[in-house]
Amino acid sequence: MSGASPPPPTFFPCSYSDSSTCSDNELSCVRTCLLSSNKSCGIYPGYPCALEKFILFNHDKCIRLVFDIYGCQPSNPSALWEKYYASLSEDFNRQFPGLDSKVKHLTARSVEQYLEEMGKSLKTFGLEHLNEEQDAEVARTKDIIDALDAPIPEHCISCRDKLNKAQQEAFNSIIDHVKQGKGGAFFIDGPGGTGKTFLYNALYAEVRLMGKIVLATATSGIAAANIPSGRTAHSRFKIPIDIEASLACDVPKQGSLAALIQETALIIWDEASMARKENVESLDLLLRDLCNADLLFGGKLIVFGGDFRQVLPVLPRKTQREAVAVSLVSSALWARMTRFRLTENIRAREDPAFSAFLLALGNGELQTIDNNLVHLPSEVVKPLEEGKDPITDLTALTFPELDLQAFDSDIFTTRAILTPMNADVDSINTNLIQKFPGQPVLYKSFDTMLDDNCNIYPTEFINTLCPGGMSPHELILKKGSPVILLRNVLPSSGLCNGTRLICQEFFPNLVQCVIITGHHKGKHVFIPRVNLRPAASSKYPILFQRKQFPLKLSFAMTINKSQGQTLSQVAIYLPRPCFSHGQLYVALSRARQSAHVTVISAGTPQQQTETQVENVLSYDVLRLAGII
Ligand SMILES: Nc1ncnc2c1ncn2[C@@H]1O[C@H](COP(=O)(O)OP(=O)(O)OP(=O)(O)O)[C@@H](O)[C@H]1O
């Protein structure tokens, strides 16, 4: 059997054991696992020992793992609290020596803050007594002090001096409101690349330099990561997921979050065009309640932004008409927002003809209601040749270095293959990881059915399932390969659904990666296995749970995941047409010029020429948004 490559090292999830009983032996085993190569490393004894790994690596977010909110419920959270109290409270002890009660309150509050970020609380772990003992004033003060201490990145400060005329106009008006303490609801409306994110960063820096609080949020985790201290609007304001049950945000009026919101000078909500109108209405109700004012958003100053030419709220199995009905433009709040329009496509500034084409495409000027075929500029189209493997073309176009086996990982930050469907993303990634140099590592998941009392479904069958947003049963990775995060793991540290990373080291229950997108670019992080389930909104017919890393390869990604990114090389693969409003526009508008975009289209019977592709568009949403 000479020449056969050895099978990849395979890791299975470890079984759970309570870390409160983690022995010295186990701890030394963890050290061995982490510090030695994979070959000499066996499966380490218990998942919660990941805590020690974090402490070992001086990771500041060890609190998360103490309470193991990644998936397992520790059997004795009180014992965990006692065992790790000394290390969790170390900083506060240094700050307030001898003030034991204050140190305890602050420690409990900091744990609570991390839990809140993931929609949990000390109560979830039966530790509500720590909350009750908390001095309300300490908790309120800590949240406000943290917000006032939030860093102001240099590049955001420098954005203020580079604003173009339209950005400056919006900036001046909003900052005037901040200075005068006036409320108002603004909407920054601009096609892709017109500098909406750039403007939020300038606003953030200006208000923070005034010593005031900004709460920066976005509909998606990936957009939130593009603004400093950004969080998803859902996690920041505790907006209900199940809008049919209630529209009320879970924010007690006397609590620390309420106090923080009351103290806030400016709220930013990016990608509001992708949010359901009910979510924005929930925030309106919350702010009216907290500010005791029957005014729009309680009289607070709030800046929304987005682009209704781009993808709308994602509603699995719903029609376009239903997506429009739940869009912000269908809310009574929309008419009450003051709009600022940004029009210059700064991303595509070097290619005015491409910029004009993109605007006409997004505005629906290149097609009619009856005929949704649009002509693409001939230089961007590459028809799929019959009998030729499209993936070879895609690789040659996007990552030619893969064939030469010598490249910098930066190529995965700035280039991507985009396609509408998850199934095509998966097949491209499977193909490219084989070409990628290096030893593969195979991570197998542990899958369980959740409502199969009669054991109808064999495990082998469940292993084959991979609905959108789930990682595969067999996850094959290589050192240096690009991956995308599939869950909001810890948004405040840049670990959001959609964050792109490069794999660095592999351990049985952890993958060490470096972040390559957003404000946390360059940060080294550990990704643990978590319990993944198909999203409730997807109405997936089979209820199962998969313990696996929330990661997927990302040589290719869906068009929806690319929204908000600027790329230097984009290959758009259309084996089938885009299927929802704004997808084609989002894909094409990621690049700075037409020379950096290639569309590989399979062609459909309706197309009359090779440069024609289908573009799904809702004229209703464009009309309601005032674009046409
Ligand atoms: N005034 C400016 N001066 C220099 N560069 C700018 C300016 N405004 C924006 N840019 C740059 O233009 C590119 C696109 O800007 P940005 O990402 O803010 O646009 P956007 O409107 O948020 O796009 P999208 O809707 O696609 O998310 C970025 O590379 C950004 O740094």
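Residues: numbered from 1 along the sequence shown. Every number for a ligand or one of its atoms is a count from 1 in the order of the listing.
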Donor-acceptor side-chain pairing of [X] and [Y] below 3.5 angstrom:
X	Y	result
Arg590	Gln563	no
Asn372	Gln367	no
Arg236	Thr217	no

Purely on distance, is any nitrogen or oxygen of [X] under 3.5 Å from one on ligand 1?
X	value
Gln167	yes
Ile346	no
Gly190	no

Identify the protein heavy atom lying closest to [atom], giving its residue, its atom name and the separation to 0.1 Å.
atom	value
atom 27 (O) of ligand 1	Gly564 CA, 3.3 Å
atom 22 (O) of ligand 1	Thr197 OG1, 2.7 Å
atom 23 (O) of ligand 1	Gly193 N, 2.9 Å
atom 18 (O) of ligand 1	Phe198 N, 3.0 Å
atom 25 (O) of ligand 1	Lys196 NZ, 2.8 Å
atom 16 (P) of ligand 1	Gly195 CA, 3.8 Å
atom 28 (C) of ligand 1	Thr566 OG1, 4.1 Å

Quiz item: Below 4.0 Å from any atom of ligand 1, is there a heavy atom belonging to Gln565?
Solution: no
Quiz item: Does ligand 1 have any atom sitting under 4.0 Å from a heavy atom of Asp307?
Solution: no
Is there a side-chain contact between [X] and [Y] (heavy atoms, below 4.5 Å)?
X	Y	result
Asn201	Phe198	no
Lys382	Asp393	yes
Asn345	Phe354	no

Quiz item: Quick one: does ligand 1 sit under 4.0 Å from the side chain of Gln563, the backbone, both or neither, non-hydrogen atoms only?
Solution: neither
Quiz item: Could you state the interatomic distance from CG (Leu418) to OH (Tyr573), rounded to the nearest 0.5 Å?
Solution: 13.5 Å
Self-check item: Between CZ on residue Arg415 and CG on residue Leu567, distance to nearest 0.5 Å
Solution: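 Going from CZ on Arg415 over to CG on Leu567, the span is 11.0 Å.
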Exercise. Would you mind finding which of Lys162, Arg592, Arg347 brings a heavy atom closest to atom 29 (O) of ligand 1?
Key: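 Shortest heavy-atom distance from atom 29 (O) of ligand 1: Arg592.
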Quiz prompt | Reference residue Phe304; test ring-ring contact (aromatic ring centres under 6.0 Å, His included); the match among Tyr200, Phe186, Phe297 | solution =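 Exactly one pass, corresponding to Phe297.
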Practice problem: Using a strict 4.0 Å cut-off to heavy atoms of Arg590, name the atoms of ligand 1 that fall inside it. | Solution: 26 (O)
Quiz item: For ligand 1, which atoms sit closer than 4.0 Å to a heavy atom of Thr194?
Solution: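 Here the atoms of ligand 1 in question are 19 (O), 21 (O).
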Quiz item: Salt-bridged, Lys196 to Asp270, with N to O below 4.0 Å?
Solution: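 Salt bridge between Lys196 and Asp270, a charged N being under 4.0 Å from a carboxylate O: no.
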